[in-house]
Amino acid sequence: MTDFASSISVLVLLGALLALYAARVVRAGRARDARVEREGGGPLVGQAPMEMAYWALSPLGRLCNQLGIRAAWVTYGSLAFGAGAALSIGSGHYGIGALLATFGFLGDALDGMVARLSGSASARGELLDATVDRIIELLIFGGLAVSLRASIPLLVLTLLASAGAVMVSHATAKAEALGVTAPRGIMRRTERATILTAALLVTPLVEHGAPRYGTVPLIIALALIGVLANVSALQRLASVSSALDAGARKTPRAGLLVFVRHQAAALLGTVVDFATMTTLVELGLAGPVAATGCGAAVGGTLNFLVGRHWVFDATTERPQAQALRYVFVSVTSLIFNMAGEHLSTGVLHTNYVIGRIVTALLVATLWNYPMQRAFVFRPRELS
């Protein structure tokens with residue numbers, strides 16, 4: 001009942017906030033904010049909800065400034081709320097976790113507001129803020145992974161969503177470091193936080209009324225984040241890579257660009273590979289070793305098409321010749337992967353998913369990338 005009450009409390013507070021903000025809009029129009037104008041809204045969370053959140057936090061920001069509370073203290077406070085949310089979620093208390101996660105995510109906006117009001121905004125503060133943001137998000141995904149660990153498909157879905165969140169942030173940060181403007185895309189942190197918190201908030205309500213469907217909100221949220229975030233990350237990496245190709249051809253960075261593209265394509269192929277393998281095993285259609293082969297075949301076909309048309313830009317050569325070389329490399333890779341799966345499940349008796357991940361990383365790094373670059377596609381050297 002504590003989780004149910006927590007969810008109801010958040011919904012009541014949200015309803016009251018909506019009513020107050022609606023009255024404000026009728027009286028004086030929307031609450032414009034320079035930071036919100038600069039960041040803009042996204043396809044899933046528009047600018048209006050962000051304006052409402054900043055409007056609601058403004059009095060608290062001014063109060064913190066008047067009391068001499070530093071922005072860093074607010075940042076550390078949000079980290080504490082995030083850690084509490086992760087612990088609550090990990091123990092299955094989703095309502096309490098939603099409440100604490102809300103405070104943790106809102107702290108991201110509040111600390112910046114306090115820094116600007118006090119005139120203490122700095123690059124060091126931005127670094128701390130960004131670092132804590134990532135930690136909070138990963139803690140919450142970690143809590144979900146612990147809570148859902150009994151179901152392998154749900155655990156894989158959680159890891160997929162976590163990987164998407166990391167890759168979106170990585171692509172954006174890498175673009176900024178390279179001096180390239182990344183596309184805004186979808187599933188930015190605000191959208192991920194909103195979807196995840198909403199799912200955590202609704203879960204106790206669904207469990208209260210229809211227990212058998214209790215995990216449905218989490219499944220929907222994790223699937224949305226897992227798919228859209230990874231797609232968005234690939235789009236960002238592709239855009240950044242194209243910009244670097246256009247403005248920095250014949251530079252030493254070319255080899256790195258090909259590697260980044262290959263890793264992005266490998267991520268997409270791996271997602272399809274693991275989804276196929278896990279589905280076959282969990283539905284009882286195949287054992288871990290056979291399912292590994294099926295997953296590798298499906299993911300490999302997708303990887304070949306992406307590698308030919310985007311990663312190595314090798315469309316000038318006939319695809320038949322490339323396909324034959326790719327089959328050779330893929331069959332060898334498949335043997336390595338199946339042998340690793342057999343070693344992990346049949347000899348070491350480890351979980352088949354863990355064995356698959358370790359084997360896939362080793363084979364991809366030591367065999368797939370070098371052979372695809374130097375033998376299968378023989379790409380044009382950007383350098």
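Owing to the predicted nature of the structure, the values given are computational and were not obtained by experimental measurement.
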Kindly indicate whether the side chain of Phe81, heavy atoms from C-beta on, has any atom under 4.5 Å from the side chain of Ile136. no

Would you say the side chains of Arg236 and Ser232 form a donor-acceptor pair under 3.5 Å? yes

If you define the side chain from C-beta out and look only at heavy atoms, does anything of Phe328 sit under 4.5 Å from Leu324? no

I'd like to know whether Arg192 forms a side chain to side chain contact (heavy atoms under 4.5 Å, CB included) with Ser169, so could you lay out the CA-CA distance, the side-chain angles of the two residues, the decisive distance to 0.1 Å, and finally the verdict. CA-CA 11 Å; Arg192 299 194 303 267; Ser169 299; 3.6 Å; yes

Is Ser91 reaching over with its side chain to a backbone N or O of Ser88, donor-acceptor style, under 3.5 angstrom? yes

So, the side chain of Trp55 versus the backbone of Met50: is there a donor-acceptor pair under 3.5 Å, distance only? no

Got a list of side-chain donor-acceptor pairs under 3.5 Å for residues 96-116, not counting sequence neighbours?
{"from": "Thr102", "atom 1": "OG1", "to": "Ala98", "atom 2": "O", "distance (Å)": "2.7"}
{"from": "Asp108", "atom 1": "OD2", "to": "Arg189", "atom 2": "NH1", "distance (Å)": "3.1"}
{"from": "Asp111", "atom 1": "OD2", "to": "Thr75", "atom 2": "OG1", "distance (Å)": "2.8"}
{"from": "Arg116", "atom 1": "NH1", "to": "Gly112", "atom 2": "O", "distance (Å)": "3.3"}

Give the ring-plane orientation class for Phe377 versus Tyr326, where under 30° counts as parallel, over 60° as perpendicular and anything between as tilted. tilted

Does Ser162 use its side chain to pair, donor to acceptor, with the backbone of Thr158 at less than 3.5 Å? no

Counting C-beta onward and ignoring hydrogens, is there a side-chain heavy-atom pair between Leu144 and Leu222 closer than 4.5 Å? yes

Distance col, row His93:NE2 vs Ser147:OG, nearest 0.5 angstrom, shows 10.0 Å

Report the distance from atom CD1 of Ile219 to atom CG of Leu224, rounding to the nearest 0.5 Å. 12.0 Å

So, does Gln372 use its side chain to make a donor-acceptor pair with the main chain of Tyr369 at under 3.5 Å? no

Return the CG to CG distance between Leu79 and Asp129, rounded to the nearest 0.5 Å. 11.5 Å

May I ask whether Val168 and Leu237 are part of the same hydrophobic cluster, defined by side-chain heavy atoms of I, L, V, M, F, W, Y residues being less than 4.5 angstrom apart, directly or through others? no

Counting C-beta onward and ignoring hydrogens, is there a side-chain heavy-atom pair between Arg70 and Ser120 closer than 4.5 Å? no

Side-chain heavy atoms of Val216 within contact of Val206, under 4.5 Å: no

Decide side chain to side chain contact (heavy atoms under 4.5 Å, CB included) for Ser78 and Val132; before the verdict, give the C-alpha distance in whole Å, the side-chain angles of both, and the deciding distance to 0.1 Å. CA-CA 8 Å; Ser78 66; Val132 170; 4.0 Å; yes

Assess whether side chain to side chain contact (heavy atoms under 4.5 Å, CB included) is satisfied between Tyr94 and Leu201, documenting all intermediate values. CA-CA 7 Å; Tyr94 298 123; Leu201 187 66; over 6 Å; no

Pairs under 3.5 angstrom only: tabulate donor-acceptor contacts from the side chains of residues 14-29 to other protein residues two or more places apart or in another chain.
{"from": "Tyr21", "atom 1": "OH", "to": "Ala31", "atom 2": "N", "distance (Å)": "3.2"}
{"from": "Arg24", "atom 1": "NH1", "to": "Gly29", "atom 2": "O", "distance (Å)": "2.4"}
{"from": "Arg24", "atom 1": "NH1", "to": "Arg30", "atom 2": "O", "distance (Å)": "3.2"}

Any donor and acceptor pair, going by atom type alone, linking the side chain of Thr215 with main-chain N or O of Leu218 inside 3.5 Å? no

